[in-house]
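I have placed the structure first, in the form of structure tokens, so that the comments after it can refer back to it.
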Amino acid sequence: MKKHRIILAMMMIMAGAFTVNAQNDDEPQYLFQSGDTQVSGFGGVTVGFSSINDEFAVMTGGGGAVLLNQKYFFGGYGEGLSTSHNLDPQVVTCPDKYTLSFGHGGFWMGYIHKPNKLIHFNINTRLGWGGISLYDRDYDIADIEHCDRDNVFVLLPQIEMEINLTSWMKFQLGAGYRFVTGISNDIYSDKMFNQPNVQLGFMFGNFSPDK
């Protein structure tokens, strides 16, 4: 008798669950419920230090992103070469254009671990595309022309330490590795650009969690 009561109770629970589920079939469902998700954003400037063609190189740029729950972000970035690097004039196509130009931009995404701590860490990846070319650095910048152009893809994974300076500003210090692929011009090579990268940055936005 006890066994029949248990079976009957289980059948009633299953029937009730099915009824509730059927009633909710037409209700909208979301991955992020509005009441549980804080949406904000940030943007800022970055300075990267690496090596290009076995010479010390500086890349300057910046980016911005949408920030979810102070932990996940997705946005875009861009950066370009700020230091001067000259190739051998005898190997370039245009003898008067041998100063290197390199820039790239694209998607930027990452995860911030324990963002409320004064000092914390994030992991992020920049995935973009850009170009390499040569120009005459003594030529009028308004009429500058480039030679030996090549289009490339860039992948730059990093780990960063962040310091919360205020509720709206962070300082970042990161380290990663820059992978450059797609080089088709014989003047350039992967090893000229595939190098470790150290980056400093200041980010500005809403870094204060909802109460």
Side-chain angles (χ1 to χ4, degrees), residues 41-66 72-111 122-162 172-204:
F42 66 88
V45 295
T46 59
V47 181
F49 306 97
S50 64
S51 174
I52 291 180
N53 198 27
D54 295 327
E55 297 175 342
F56 175 74
V58 176
M59 302 284 292
T60 57
V66 174
Y72 308 95
F73 63 89
F74 179 85
Y77 81 97
E79 64 178 14
L81 183 63
S82 296
T83 45
S84 180
H85 304 267
N86 297 327
L87 300 189
D88 185 350
Q90 297 181 354
V91 302
V92 302
T93 302
C94 308
D96 59 334
K97 296 179 175 63
Y98 49 83
T99 301
L100 192 66
S101 173
F102 173 50
H104 57 94
F107 301 108
W108 183 25
M109 64 201 78
Y111 167 74
N122 81 56
I123 53 173
N124 69 83
T125 298
R126 289 171 169 84
L127 176 62
W129 52 95
I132 306 169
S133 61
L134 299 173
Y135 68 97
D136 182 357
R137 66 176 178 178
D138 297 324
Y139 202 74
D140 185 355
I141 191 67
D143 300 315
I144 197 168
E145 294 182 357
H146 289 249
C147 189
D148 293 320
R149 295 179 181 272
D150 203 355
N151 297 319
V152 295
F153 291 96
V154 179
L155 175 65
L156 192 106
Q158 291 192 137
I159 182 169
E160 294 180 340
M161 178 188 71
E162 295 188 341
Q172 297 176 330
L173 172 62
Y177 196 91
R178 181 181 61 234
F179 299 92
V180 178
T181 64
I183 294 176
S184 58
N185 194 317
D186 293 337
I187 295 174
Y188 316 118
S189 65
D190 292 347
K191 67 179 183 179
M192 288 175 60
F193 302 94
N194 292 352
Q195 296 291 335
N197 183 75
V198 174
Q199 185 167 281
L200 305 178
F202 285 93
M203 294 295 139
F204 306 89

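Remark: Y177 engages F179 in a ring pair (Phe, Tyr, Trp, His ring centres under 6.0 Å) (not counting sequence neighbours). Partners of T181 under the side-chain contact (heavy atoms from CB on, under 4.5 Å) rule, at least two apart in sequence or in another chain, are F153. Listed by chain and number, the residues in a side-chain contact (heavy atoms from CB on, under 4.5 Å) with F204 are W168, M169, F202 (sequence neighbours excluded).
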* Where do S84 and T99 land on the side chain to side chain contact (heavy atoms under 4.5 Å, CB included) test, with the steps shown first? -> CA-CA 7 Å; S84 180; T99 301; 3.9 Å; yes
* With side chain to side chain contact (heavy atoms under 4.5 Å, CB included) as the test, would you mind laying out the steps for N122 and E162 before giving the verdict? => CA-CA 7 Å; N122 81 56; E162 295 188 341; 2.7 Å; yes
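The two residues I52 and M59 come nearest to each other via the heavy atoms CD1-SD, 4.5 Å. The shortest non-hydrogen separation linking A57 to L81 is CB-CD1, 4.0 Å. Pairing each heavy atom of V152 with each of G131, the nearest pair is CG2-N, 4.2 Å. Between N185 and D150, the shortest heavy-atom contact is N-OD2, 2.9 Å.
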Enumerate donor-acceptor pairs with a distance under 3.5 Å from any side-chain N or O in residues 100-108 to protein atoms, sequence neighbours excluded.
| unit_1 | atom_1 | unit_2 | atom_2 | d |
| --- | --- | --- | --- | --- |
| H104 | ND1 | Y77 | OH | 2.8 |
| H104 | NE2 | E79 | OE2 | 2.9 |
| W108 | NE1 | N124 | OD1 | 3.3 |

Going by atom type alone, with no hydrogens or angles, which donor-acceptor pairs under 3.5 Å involve a side-chain atom of residues 191-200 and a protein atom two or more places apart or on another chain?
| unit_1 | atom_1 | unit_2 | atom_2 | d |
| --- | --- | --- | --- | --- |
| N194 | OD1 | V180 | N | 2.6 |
| Q195 | NE2 | K191 | O | 3.0 |
| N197 | ND2 | Q158 | OE1 | 3.0 |

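Atom NE2 of H146 sits about 9.5 Å away from atom CG of L134, to the nearest 0.5 Å. Here N151 contributes atom CG and I183 contributes atom CD1; the two are 11.0 Å apart, rounded to the nearest 0.5 Å.
The neighbour count for D88 CG, taken as heavy atoms of other residues, nucleotides or ligands under 6.0 Å away, is above 12.
Here the side chains of F49 and V58 are in contact, with some heavy-atom distance below 4.5 Å.
Side-chain N or O atoms of D148 include one that pairs as donor or acceptor with a backbone N or O of T93 at under 3.5 Å.
Residue pairs meeting the side chain to side chain donor-acceptor pair (under 3.5 Å) criterion with at least one member in residues 46-65, sequence neighbours excluded: S50-R178, E55-H85, T60-S82.
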